[in-house]
Amino acid sequence: MNIQVNGEIRQVPEGYTAARLVEDMGIHGRRIAMEVNLEILPRDAYAQHAFQDGDRIEVVHAIGGG
């Protein structure tokens, strides 16, 4: 199935979760926010949330500065 992540199409297997996406992107443990189809996905739902074909995902992470 295909999902769109930050504007790029990715082919992923059925049952692909938000938690797996975070791991695959190498951003586990960082301060991030994820939006799926224009709705914020709570962090505690990442492990259970399986994407559907055609989902549009935006992932942003906070960058500190000073």
Side-chain angles (χ1 to χ4, degrees):
M1 73 176 187
N2 292 315
I3 60 174
Q4 184 175 357
V5 181
N6 294 345
E8 295 183 16
I9 301 295
R10 287 185 182 222
Q11 189 170 24
V12 297
E14 294 289 328
Y16 192 78
T17 65
R20 183 160 171 202
L21 175 62
V22 169
E23 288 292 330
D24 289 350
M25 292 179 72
I27 55 176
H28 179 73
R30 294 188 185 173
R31 294 175 49 136
I32 64 167
M34 185 179 303
E35 180 182 271
V36 180
N37 300 324
L38 304 177
E39 294 189 23
I40 298 293
L41 182 65
R43 183 180 297 267
D44 61 357
Y46 288 7
Q48 297 83 24
H49 184 86
F51 297 117
Q52 302 298 312
D53 188 45
D55 278 351
R56 297 175 71 132
I57 300 108
E58 293 293 326
V59 180
V60 296
H61 64 276
I63 299 175

Other residues, nucleotides and ligands only: do more than 12 of their heavy atoms fall within 6.0 Å of CD on Q4? yes
Does atom CZ of R43 have more than 12 heavy-atom neighbours from other groups under 6.0 Å away? yes
Is any side-chain heavy atom of N6 closer than 4.5 Å to a side-chain heavy atom of E58? yes
Got a donor-acceptor contact below 3.5 angstrom from the N37 side chain to the R56 backbone? yes
My understanding is that only residues two or more places apart in sequence, or in another chain, count here; which of them pass side chain to side chain contact (heavy atoms under 4.5 Å, CB included) with E23? H28
Can you list the other members of the hydrophobic cluster that holds M25, where links are side-chain heavy atoms under 4.5 angstrom apart? M1, I3, V5, V12, Y16, L21, V22, I27, I32, M34, V36, L41, Y46, F51, I57, V59
Locate the shortest heavy-atom distance separating D55 from Q52; write the atom from each residue and the value. OD2-N, 2.8 Å
Rounded distance [0.5 Å steps], CZ in R10 versus CG in N2: 12.0 Å
